[in-house]
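Heads up, the thing below is written out as structure tokens.
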Amino acid sequence: MQMKTTPGAMLKAMREKPPLVQCITNYVAMNIAANVLLAAGASPAMVHAAEEAGEFAGIASSLTINIGTLSAQWIDGMQAAAKAATSAGRPWVLDPVAHYATAFRRNAVAELLALRPTIIRGNASEIIALAGGESRGQGVDSRDPVEQAEGSARWLAERQQAVVAVTGAVDFVTDGERAVRIAGGSALMPQVTALGCSLTCLVGAFAATAPEDIFGATVAALATFAIAGEEAALGAAGPGSFSWRFLDALAALDAETLDARARISAA
Ligand SMILES: Nc1ncnc2c1ncn2[C@@H]1O[C@H](COP(=O)(O)OP(=O)(O)OP(=O)(O)O)[C@@H](O)[C@H]1O
Ligand SMILES: Cc1ncsc1CCO
Ligand SMILES: [Mg+2]
């Protein structure tokens, strides 16, 4: 069996056997997230209807759930899919977009957390609020530094028995015991909408490729974004050209470059 111990090895394995990733994501993110998965080498399927989301989760290799543009019917599909993924032994990722903003979102996220996501990926404001802290987030945008969310992430990981990823200028990943920081990316990334949502889908793709190493898979997805983001920023004139350069950089990134350039340090 091929060893999938480094981010590069995981990226290579994903491209050799593209996983089918069911993404229940928001209207803003659907197109860019699907393109991000294709550029990285996975097969995205944006399937969210309550009538079929559970059935589809039974055939997908992993599932991602994002509450960005939530409505009541979507919640039924999310819950059915989360239950089906868990029954099938497949990993699933929760992205609790702006869950602190309204009671509707708060309740939906509480119910999804009770279904035990394998991985939780959010920005710093979202993770601080999930751990009961005072978050300064405004709508879907973070206004807190990642360093401030590290304690919250550790607490949440232990309580949920999940891997927690906090993204921002320097990302942080923990499973409650181990923790790492991942440097890289670009300040243009939060200027392009739904890149975080797309990253959540990519975390799902890596988790499908390496379900035996969920912590490593999460780190690999974040490192992939960090290096593609750095590459795309070279020569980008602003968020518009960054956006298409980012897709090209993801598609062009190879395993060796990823392993040579990834800046992952113990935290
Ligand atoms: N200031 C920054 N410098 C470098 N990289 C960044 C910066 N801010 C965010 N990123 C990167 O952008 C990507 C998306 O993370 P971000 O925290 O912006 O997600 P988000 O707030 O959930 O985004 P969205 O809700 O728009 O989808 C991650 O790869 C992260 O590392
Ligand atoms: C802008 C926006 N609004 C709801 S979801 C979303 C995408 C970024 O989270
Ligand atoms: Mg987000």
Side-chain angles (χ1 to χ4, degrees), residues 7 23-36 39-40 46 48 64-71 74 93-102 104-105 108-109 119-130 135-150 153 164-173 180-206 218-234 236 239 242-243 245-247 249-250 253 258 261-264:
C23 305
I24 303 183
T25 193
N26 61 74
Y27 295 116
V28 185
M30 280 185 195
N31 185 264
I32 185 166
N35 279 327
V36 158
M46 297 6 218
H48 62 262
T64 71
I65 296 182
N66 172 306
I67 65 156
T69 50
L70 198 60
S71 65
W74 280 47
V93 190
L94 176 65
D95 186 336
V97 181
H99 67 94
Y100 43 73
T102 65
F104 180 54
R105 280 168 195 265
V109 161
I119 303 162
I120 301 164
R121 201 291 312 165
N123 62 41
S125 294
E126 288 158 352
I127 299 301
I128 289 169
L130 268 193
S135 138
R136 294 186 299 163
Q138 171 172 276
V140 303
D141 293 323
S142 181
R143 287 182 160 188
D144 296 285
V146 173
E147 308 87 78
Q148 214 131 307
E150 291 187 359
V164 175
V166 192
T167 56
V170 176
D171 303 330
F172 179 78
V173 180
V180 296
R181 296 190 185 94
I182 300 141
S186 160
L188 286 171
M189 293 173 91
Q191 301 298 315
V192 177
T193 192
L195 272 192
C197 309
S198 305
L199 174 55
T200 294
C201 296
L202 189 66
V203 168
F206 275 89
T218 305
V219 171
L222 271 54
T224 299
F225 251 52
I227 302 309
E230 276 180 2
E231 197 58 34
L234 301 172
F242 178 85
S243 184
R245 282 172 189 273
F246 181 69
L247 278 183
L250 257 185
L253 184 61
L258 176 56
R261 290 186 45 189
R263 300 200 299 287
I264 302 164

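Note that ligands are numbered from 1 as they come in the structure, with each ligand's atoms numbered from 1 the same way. No experiment lies behind these values; they were computed from the predicted model shown.
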Item to check | Ring center gap for Tyr27 and Trp74 short of 6.0 angstrom | outcome: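 Ring centres of Trp74 and Tyr27 closer than 6.0 Å.
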Residue, atom name and distance, where the atom is the protein heavy atom closest to [atom]:
atom: atom 2 (C) of ligand 1; result: Ala169 CA, 3.5 Å
atom: atom 3 (N) of ligand 2; result: Val140 CG1, 3.8 Å
atom: atom 6 (C) of ligand 1; result: Gly168 O, 3.3 Å
atom: atom 4 (C) of ligand 2; result: Gly68 O, 3.4 Å
atom: atom 26 (O) of ligand 1; result: Ala194 N, 3.2 Å
atom: atom 4 (C) of ligand 1; result: Ser186 N, 3.1 Å
atom: atom 6 (C) of ligand 2; result: Val28 CG2, 3.8 Å
atom: atom 21 (O) of ligand 1; result: Asn123 ND2, 3.0 Å
atom: atom 24 (P) of ligand 1; result: Gly196 N, 3.7 Å

Next on the checklist: My understanding is that only one of Asn66, Thr25, Asp95, Thr64 makes a side chain to side chain donor-acceptor pair (under 3.5 Å) with Thr200; could you say which?
Outcome noted: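 When side chain to side chain donor-acceptor pair (under 3.5 Å) is applied between Thr200 and each of Asn66, Thr25, Asp95, Thr64, only Asp95 qualifies.
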Pull out every atom of ligand 2 sitting under 4.0 Å from any heavy atom of [X], numbered as shown with elements.
X: Asn26; answer: 5 (S), 7 (C)
X: Cys197; answer: 8 (C), 9 (O)
X: Thr193; answer: 1 (C), 7 (C), 8 (C)

Item to check | Heavy-atom nearest option to atom 31 (O) of ligand 1, drawn from Thr167, Thr25, Asp171 | outcome: Asp171
Next on the checklist: On a heavy-atom basis, I'd like to know which of Met189, Glu126, Arg121 is closest to atom 12 (O) of ligand 1.
Outcome noted: Met189
[X] and [Y]: which non-hydrogen atoms are nearest, and at how many Å?
X: Asp171; Y: Val146; value: C-CG1, 4.5 Å
X: Gln191; Y: Pro239; value: O-CB, 3.8 Å
X: Arg121; Y: Cys197; value: NH2-N, 3.7 Å
X: Val97; Y: Glu126; value: CA-OE2, 3.3 Å
X: Ser243; Y: Ile32; value: OG-CD1, 4.4 Å
X: Gly137; Y: Ser135; value: N-OG, 3.1 Å

What atoms of ligand 1 come within less than 4.0 Å of a heavy atom belonging to [X]?
X: Leu195; answer: 27 (O)
X: Cys197; answer: 27 (O)
X: Gly184; answer: 4 (C), 5 (N)
X: Pro190; answer: 7 (C), 8 (N), 9 (C)

Within a strict 4.5 Å, meaning less than it, do heavy atoms of the [X] and [Y] side chains meet?
X: Ile264; Y: Pro7; result: yes
X: Val36; Y: Leu247; result: yes
X: Phe172; Y: Glu147; result: no
X: Phe206; Y: Ile119; result: no

Next on the checklist: Can you classify the ring geometry of Phe246 versus Phe225 as parallel (below 30°), tilted (30 to 60°) or perpendicular (above 60°)?
Outcome noted: perpendicular
Do ligand 1 and [X] have nitrogen or oxygen atoms that lie under 3.5 Å from each other?
X: Gly185; result: no
X: Leu199; result: no
X: Thr193; result: no

Next on the checklist: Check contact between Gly68 and ligand 1, using heavy atoms of the residue and a distance below 4.0 angstrom.
Outcome noted: no
Checklist entry - Is Gln191 touching ligand 1 with its side chain, its backbone, both, or neither, if touching means heavy atoms under 4.0 Å apart? => result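 Neither; no heavy atom under 4.0 Å.
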Next on the checklist: One pair to check against side chain to side chain contact (heavy atoms under 4.5 Å, CB included): Ile127 and Asp144. What are the steps and the verdict?
Outcome noted: CA-CA 10 Å; Ile127 299 301; Asp144 296 285; over 6 Å; no
